[in-house]
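Please read the structure below before turning to the comments.
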There are 2 protein chains.
Amino acid sequence: MNVDTKGLIIQVATDLFRKKSYLGVGISEILTACNLSKGAFYHHFPKGKEELLITCLYTMNETITNDMKAIFSRHETTVEAIESMLIEVINQYERDEMIIGYTFSSIVSEMGSLSEAVREVCENSYANIEGIYIAKLQADGFSKQMAKELALMINATIEGGIMLCLTTKTSKPLKTVSKLLPNLIKVVE
Amino acid sequence: MNVDTKGLIIQVATDLFRKKSYLGVGISEILTACNLSKGAFYHHFPKGKEELLITCLYTMNETITNDMKAIFSRHETTVEAIESMLIEVINQYERDEMIIGYTFSSIVSEMGSLSEAVREVCENSYANIEGIYIAKLQADGFSKQMAKELALMINATIEGGIMLCLTTKTSKPLKTVSKLLPNLIKVVE
DNA sequence: GTCTATACGGTGATAGAC
DNA sequence: GTCTATCACCGTATAGAC
């Protein structure tokens with residue numbers, strides 16, 4: 001019936017993992033939402049739930065970096081690109097009451113110490129995200145060293161801001177981040 | 001035998017929750033580590049695991065804010081206090097390979113959308129932490145409005161930095177945060 | 001490639017003895 | 001206040017029919 005069962009599982013699982021965390025969602029729940037049975041699942045993911053998670057992380061990573069690259073190519077400077085990106089995240093959060101990208105922190109918190117494989121995928125995803133910042137910052141004229149440090153700061157602040165949005169159930173933290181983050185970049189510019 | 005069984009449970013549970021996340025630890029595991037049985041546990045926490053978590057969060061919050069207040073009273077400015085605080089966190093992380101405070105993000109990620117009660121305790125804890133920053137920033141001469149925004153930024157950046165430390169298994173992210181965060185505060189000072 | 005049926009361990013939680 | 005025994009349920013995972 002369905003052309004791409006595996007794709008459906010990944011899509012539904014990614015959505016549920018974001019909403020209810022990885023450990024908070026069971027395979028049965030995912031399969032019920034997909035209208036599929038265990039047999040179908042273990043055919044596509046013989047190594048089970050963790051294999052599914054890692055696959056989800058890879059596709060998330062690809063989506064995020066593609067989105068970011070598109071935004072960053074449309075703007076002159078790093079500051080402008082980040083402001084534009086954050087506006088998009090904030091709008092999406094206010095619309096869906098859920099942040100659907102740019103963050104792997106929940107997975108790291110849950111699985112970072114339990115699964116080395118999962119931690120490495122997350123580390124790699126963050127490196128990709130910071131890579132985009134670094135390239136743009138260097139184009140802005142920052143030294144490679146400074147660009148690296150700033151990229152890390154930007155990544156940390158945005159991730160922290162997202163987490164505070166989830167904690168307070170408002171978009172205010174990300175709005176403040178969007179307002180003050182440019183100061184960090186401009187001060188050394 | 002033990003003078004304070006409830007305190008022991010809280011202590012051991014807090015430690016395990018930090019190491020393996022809330023959903024990743026079962027009650028049985030906590031009780032084995034305590035050398036106790038279900039009966040003892042449900043005597044002290046009749047409402048079960050979530051009640052235990054909330055109790056742990058309260059004591060964590062108290063410890064963190066007490067530690068922070070002690071550090072902040074020893075230093076003249078916000079920048080100095082934060083630098084001192086981060087040095088402590090970094091040293092502790094390099095010693096124990098685990099961050100044992102200043103962060104509720106893993107709990108928020110896991111339980112924020114599943115339990116409103118837990119989310120509210122975390123929100124309150126973050127408000128307490130930011131309150132300490134705000135008081136010091138105002139003593140530095142910042143306006144109330146500016147102090148609030150800066151406190152949020154500081155909180156977000158440090159939480160994000162901690163999360164990146166866990167992801168990369170190094171203390172580098174927090175070191176960079178410690179180095180660059182003062183720029184954010186000084187630029188408007 | 002998808003189904004049904006099942007195995008088996010672990011979960012949170014309860015009841016009742018001491 | 002702590003124990004043992006037991007509960008029903010859900011977790012992941014497997015086997016075999018179609």
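Proteins come first, then strands; the chains are lettered A, B, ... in the order of their sequence lines, and each starts at number 1.
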Checking A:Thr78 against A:Asp140: is there a side-chain donor and acceptor pair closer than 3.5 Å? yes
Return the 5'-most residue of the pair B:Gly39, A:Val25 with respect to DNA chain D, ranking by each residue's nearest nucleotide. B:Gly39
Whole-Å distance, A:Ile9 CD1 to D:dT12 P, equals 13 Å
Of the candidate nucleotides D:dT4, D:dG11, C:dC3, which contains the atom at the shortest distance from the side chain of A:Ser37? C:dC3
Separation of D:dA13 atom C1' from A:Ile30 atom CD1, nearest Å, is 14 Å
Distance check: side-chain N/O of B:Thr5 vs OP1/OP2 of D:dG1, anything under 4.0 Å? no
Round to a whole Å and report the spacing from CD of B:Glu29 to P of C:dG9. 18 Å
Is NZ or CZ of A:Lys47 both nearer than 6.0 Å to the six-membered ring centre of A:Tyr42 and within 45° of the ring axis? no
Report the residue (B:Lys6 or B:Lys38) whose heavy-atom-nearest nucleotide on DNA chain D is the more 5′ of the two. B:Lys6
For C:dT2, does either OP1 or OP2 sit under 4.0 Å from a side-chain N or O belonging to A:His44? yes
When you measure from the side-chain N and O atoms of A:Tyr42 to the phosphate of D:dT14, is any distance below 4.0 Å, counting only OP1 and OP2? no
Taking atom types as modelled, find out whether B:Thr103 and B:Glu159 have a side-chain donor-acceptor pair closer than 3.5 angstrom. yes
OP1, OP2 of D:dT2 versus side-chain N and O of B:His43: anything below 4.0 Å? no
Can you find a side-chain donor-acceptor pair between A:Glu110 and B:Ser109 that sits under 3.5 Å? no
Without decimals, in angstroms, what is the distance between B:Glu50 CD and C:dA13 P? 9 Å
Nearest whole angstrom, please: distance from the P of C:dT6 to the CD1 of A:Ile27. 20 Å
Does A:Lys186 use its side chain to pair, donor to acceptor, with the backbone of A:Leu181 at less than 3.5 Å? no
B:Leu23 has an atom CG; how far is it from atom P of C:dG10, in whole Å? 18 Å
Output the rounded distance in Å from CZ (A:Phe45) to P (C:dT2). 11 Å
Could you give the NZ-to-C1' distance, from B:Lys49 to C:dT14, as a whole number of Å? 18 Å
